[in-house]
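The structure under discussion appears below in the form of structure tokens.
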Amino acid sequence: MKLLLDQLEKVKPLVQPGGKLEKLYPLYEATDTFLFTPADETGSAPHVRDARDMKRTMITVLIAMIPCVLFGIWKSGHQHNVVNQIAGTTFLDDLIQGSLLVVPIIIVSYAVGGAWETLFAVVRKHEINEGFLVTGMLFPLTLPPTIPLWQVAVGISFGVVIGKEVFGGTGFNVLNPALTARAFIFFSFPKAITGDEVWTSVAADGQLIEGFSGATPLAVVAQNPESVDILNTLQTADYGEGFTWMRLFMGDFGGSIGESSGPACLIGAAILILAGVGSWRIMLSSVVGLAAGAFLMNAVAASGEPGEFIAFTQLPFHYHLVTGGFLFGAIFMATDPVSGAATNKGKWIYGFMIGLLIVLIRVANPAYPEGVMLAILFMNVMAPLIDHFVLQAHIRSREHYLRKFKPHD
Amino acid sequence: MGSYKIRKGLDLKLKGAPMPAVANNLDAKFVSIYPPEFTGVKPRLVVKEGDPVKRGGMLFYDKRNEQLKFRAPAGGKIDAIKLGPRRVVTEISIEISGDEELESFNQYSAEDILALPREEVLDQLLETGYLAYLLQRPFSKIADPEVLPKSIFVNGMNTAPFQADIHIAVAGDEAAFQAGLNVLSRLTNGKVHLCLAEHSSHASPAVLNAKNVESHSFSGPHPAGNTSVHIHHIDPIAPGDNVWTARAVDVIQIGKLFLEGVLPATKVVAVGGTGIRETSRQYYRIRVGGGLEHFLEERLSEVPARIISGDALGGTQIGSDERLRFYQSSITAIPKNRERHLLGWLSPGWGQFSASRLFLSTWFRRVEAWDLNTNLNGSHRTMVITGIYDKYLPMKIMVDYLVRAALAHDTDETVKLGILETDPEDFALCSYVCPSKMDIMSIIRKGLTEVEEEGL
């Protein structure tokens with residue numbers, strides 16, 4: 001440990017102003033403070049500071065994502081082995097197979113995104129922000145396990161550069177960088193991230209299991225004929241396994257890597273809320289919004305003749321809750337403090353609108369069966385407006401408060 | 001009479017609280033006065049080095065308001081006049097002589113004071129410089145005698161670690177405290193509000209039963225004891241309003257001046273923090289402006305410590321060889337710390353105190369008091385608006401947006417968001433908890449200066 005500290009001290013003169021490698025100071029700072037807590041002291045008052053810093057905050061978010069990452073790895077491997085009918089595989093085989101699929105995606109995301117982050121920190125002469133640790137992990141979790149690695153690289157580059165750095169870097173970005181990256185892939189390379197073929201890794205010479213279509217639950221719902229009961233269709237889909245509510249909640253089916261498991265997402269939510277890092281207001285209000293949207297759509301379906309409206313309108317709220325990326329999006333994406341609403345009242349509106357929009361996009365939009373990404377990105381754009389109105393209301397209520405104390409004259 | 005329950009905030013449980021006993025320590029050889037302490041005052045000296053001076057003898061006056069005079073806290077000989085950049089007088093040091101001569105001022109009885117015209121009270125305060133104990137909101141500058149404040153707030157609370165507790169400091173000076181309150185009551189047509197803690201372990205009847213004031217009690221965590229919070233709940237400042245504030249410990253000095261007709265020679269100071277030896281953490285009666293060098297030398301513990309004039313949250317760092325400041329009523333010494341820990345972000349955080357819930361200690365440890373030090377516990381990062389600060393300011397103010405407006409030099413917006421109701425000290429806790437380690441007190445201080453310069 002002493003040895004390591006000495007090494008860092010030895011390099012320090014090189015990267016300080018006037019040193020040969022002074023431009024690389026942000027990289028040095030990141031490594032140095034990653035290895036050892038900084039030696040900085042408080043300058044002026046307050047003379048003592050809380051033990052919490054940005055590193056710890058971001059690491060906590062990462063810890064909250066661990067269940068999703070682990071489940072995503074296992075699920076990707078397990079799905080691969082089941083669908084390709086690879087016999088005699090154990091839990092460990094699934095994990096190994098899954099790691100082969102997922103770990104390279106995570107590595108590419110961190111390496112390429114990290115390089116951009118460092119480059120901008122060097123050019124702008126500011127510290128490397130820990131927020132990237134979260135972005136670099138969130139993005140892979142929203143991708144299908146079959147995504148080509150070069151697209152991961154292009155996507156994270158777009159997310160970091162256009163989604164964040166062009167606005168001035170961390171704290172100034174309007175959109176969630178991880179979702180921006182995903183949206184870029186979504187619209188640029190739709191074949192790699194939409195449709196039925198991408199969600200489950202299929203071996204080149206594999207013998208596919210009978211009844212396998214690869215369609216996600218939401219795609220099954222979207223393709224359901226108007227007159228057929230939607231829950232029936234779900235029960236029989238996916239090589240006879242059936243998308244029962246329980247299976248949808250547990251998440252062992254084709255889909256993006258990290259989003260499908262309800263328990264993993266809920267563990268993450270519990271960690272975020274208990275640690276006070278993620279906003280429970282946003283999580284709760286987006287569930288309320290989702291419920292409002294789902295009941296509205298159910299009412300629409302009930303108001304017409306059977307078969308008058310598309311089958312998607314019949315999908316009950318509790319199915320909306322566990323299908324697609326809703327839980328993952330509401331827990332990890334919508335709660336990003338930079339791109340989300342910042343005021344407490346604003347968070348309620350912001351979350352509610354996300355939930356409502358998700359149902360609207362899912363049900364009323366014929367092109368995409370899933371709407372979480374687009375709903376959150378849209379509300380990211382709206383968040384400053386919401387906060388603006390909340391702030392104006394706050395200013396008015398302040399004036400009102402002060403007027404209460406004025407003597408009547 | 002009101003009773004207010006404050007919910008937002010945080011009590012910083014710092015080890016090393018001063019014991020509630022007062023010891024005398026009056027053997028200072030030198031006293032000093034630091035003119036830069038008086039914000040907005042442009043001093044014109046009337047003494048030079050080597051001049052003899054009485055206690056209460058004039059040292060300088062304010063070029064902007066020539067009636068406002070500042071006087072020697074002890075009698076003797078002008079030992080040194082120290083100049084800073086651009087020949088600004090930074091310190092006037094006086095060597096105390098054995099037989100101090102006294103300059104006398106008007107002397108009144110406590111009852112006389114209640115019948116004094118406002119002008120006469122102001123004259124005495126201007127003449128002695130004790131007007132400086134009265135600050136004017138907004139901007140916390142020395143009260144403008146031309147202005148009639150709508151009310152005066154006396155702060156008799158201490159929720160920050162560690163400020164002098166009025167209930168302890170008042171011992172022996174009960175009459176002076178009441179006389180000081182009488183003086184204040186002559187300065188406004190409105191009320192004098194005395195704000196006290198709901199519970200006090202060593203309550204003094206002189207404080208609890210103070211007359212000619214309206215007493216209020218506040219309970220809850222820091223900053224429940226901050227004047228801004230009191231004003232906000234009792235009689236808030238709208239743009240255009242003027243409120244004067246004073247600290248209860250300073251009111252004692254004002255009262256003594258009026259009762260005795262001479263400048264008081266001593267005051268009570270709380271000395272605490274783990275940088276001070278355990279047996280020395282208590283209250284001391286020391287010379288006004290007295291040298292601290294020997295005093296601290298005997299009392300500092302072995303660990304290298306930072307010495308603070310005032311409390312650990314809002315005080316100013318001073319050298320160990322400095323002298324007691326005009327506004328100072330406590331000395332806090334906290335250990336310096338530049339230690340580095342391997343992979344600190346991985347540690348479960350059993351041994352660290354945090355207001356957040358990111359550390360095991362928050363969940364599973366009940367520690368009476370923490371030995372906090374000067375480590376920043378992190379490094380500076382960009383500001384992210386999270387609303388975390390709002391949990392630490394019990395006022396109708398959205399701190400993130402106020403800070404953002406101040407950073408953007410948007411003075412109109414800062415006024416709308418309530419900057420006039422605040423003082424930098426109110427943001428000490430926000431700075432304390434900030435994960436980006438921002439210096440919010442300085443941002444607000446600059447914001448207030450900008451508003452003042454632009455005019456309302």
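Throughout, a chain's letter reflects where its sequence line sits, starting with A, and its residues are numbered from 1. As the structure is a computational prediction, the values presented were derived from the model and not from experiment.
Heavy atoms closer than 4.5 Å to chain B are found in the backbone of A:Ile128, but not in its side chain. Proximity to chain B is limited to the backbone of A:Ile273, based on heavy atoms less than 4.5 angstrom apart. With a threshold of 4.5 angstrom between heavy atoms, A:Glu29 approaches chain B through side-chain atoms but not through N, CA, C or O. At a 4.5 Å heavy-atom cutoff, A:Ser279 makes no contact with chain B through either its backbone or its side chain. Proximity to chain B involves both the backbone and the side chain of A:Thr42, based on heavy atoms less than 4.5 angstrom apart.
Residues A:Leu402 and B:Lys396 are not in side-chain contact: their nearest non-hydrogen atoms beyond the backbone lie 4.5 Å or more apart. Looking only at side-chain heavy atoms (C-beta outward), A:Pro337 and B:Ile385 stay at 4.5 Å or farther from each other. A heavy-atom distance below 4.5 Å is found between the side chains of B:Tyr401 and A:Asp387. With contacts defined as side-chain heavy-atom distances shorter than 4.5 Å, the pair A:Leu391/B:Leu417 qualifies. Contact of the B:Ser347 side chain with the A:Arg56 side chain is registered, since non-hydrogen atoms from C-beta on lie closer than 4.5 Å.
Using modelled atom types, one side-chain atom of A:Tyr401 and one backbone atom of B:His232 make a donor-acceptor pair closer than 3.5 Å. In this structure a side-chain-to-backbone donor-acceptor pair under 3.5 Å is present from A:His47 to B:Gly315. Of the possible donor and acceptor atoms, none in the side chain of A:Asp40 sits under 3.5 Å from a partner among the backbone N and O of B:Leu376. A:Arg49 places no side-chain N or O within 3.5 Å of a backbone atom of B:Val433 that could act as its donor or acceptor partner.
Under the 3.5 Å distance criterion, with hydrogens and angles disregarded, no donor-acceptor pair is assigned to the side chains of B:Ser379 and A:Asp53. Side-chain contact annotation: B:Arg381 with A:Thr170, donor-acceptor N/O pair under 3.5 Å absent.
With chain A as the partner, the residue from B:Gln317, B:Met441, B:Gln352, B:Lys437 showing the most heavy-atom pairs under 4.5 Å is B:Lys437. The candidate from B:Ile397, B:Leu429, B:Ile440, B:Leu10 with the greatest count of non-hydrogen atom pairs under 4.5 Å with chain A is B:Ile397.
Closest approach of B:Thr386 to A:Lys347, counting heavy atoms only: O-NZ, 3.7 Å.
In this structure, CD1 in B:Ile388 is found 8.0 Å from OG1 in A:Thr57, a value given to the nearest 0.5 Å. The distance from the CG atom of A:Asp50 to the CZ atom of B:Phe353 is 6.5 Å, given to the nearest 0.5 Å. Put simply, NE2 on A:His126 and NE2 on B:His380 are 15.5 Å apart, with the number rounded to the nearest 0.5 Å. B:Thr374 OG1 to A:Glu41 CD: the interatomic distance, rounded to the nearest 0.5 Å, is 3.5 Å.
Cation-pi contact between A:Arg52 and B:Tyr432: absent, since separation from the ring centre below 6.0 Å together with deviation from the ring axis within 45° is not met.
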Run B:Ile234 and A:Phe405 through side chain to side chain contact (heavy atoms under 4.5 Å, CB included) and show every step you take. CA-CA 8 Å; B:Ile234 295 169; A:Phe405 291 86; over 6 Å; no

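Summarising the local packing, NZ of B:Lys8 is surrounded by more than 12 heavy atoms from other residues, nucleotides or ligands at distances under 6.0 Å.
Between B:Glu421 and A:Arg398 there is a salt bridge, with a side-chain nitrogen of the basic residue lying less than 4.0 Å from a carboxylate oxygen of the acidic one.
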